[in-house]
Amino acid sequence: MSGVIARIDDFGKPAWIVLMVLGFVVYWPIGLAILAYIIWSGRMGMWSGMRLARQRTGRRTGRR
């Protein structure tokens with residue numbers, strides 16, 4: 001299983017997005033499971049920038 005994941009990672013984020021969309025087209029729970037895995041594993045890196053900024057400055061990022 002990890003070999004398949006590594007192979008998809010070689011193609012990058014677009015491969016995960018295509019796989020998720022195809023999962024929704026074929027059978028929506030498959031797409032939902034792939035979406036959950038992408039978010040849970042941090043494959044998209046959506047929040048990594050904020051987390052990194054907090055680690056560097058030692059405080060929260062955002063507006064007050």
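If you read the sequence from its start, that first residue is 1, and numbering goes on from there. All values reported here derive from a predicted model rather than from experimental measurement.
The list of side chain to side chain donor-acceptor pair (under 3.5 Å) pairs with a residue in residues 14-24, not counting sequence neighbours, reads D9-W16.
As a member of the Ile/Leu/Val/Met/Phe/Trp/Tyr network built from side-chain separations under 4.5 Å, L22 groups with V18.
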Anything under 3.5 Å between a donor and an acceptor, one on a side chain of residues 26-37, the other on a protein residue two or more places apart or in another chain? List them.
from : atom 1 : to  : atom 2 : distance (Å)
Y37  : OH     : R43 : NH2    : 3.0

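Hydrophobic clustering (side-chain heavy atoms under 4.5 Å, transitive across Ile, Leu, Val, Met, Phe, Trp, Tyr) groups I39 together with I5.
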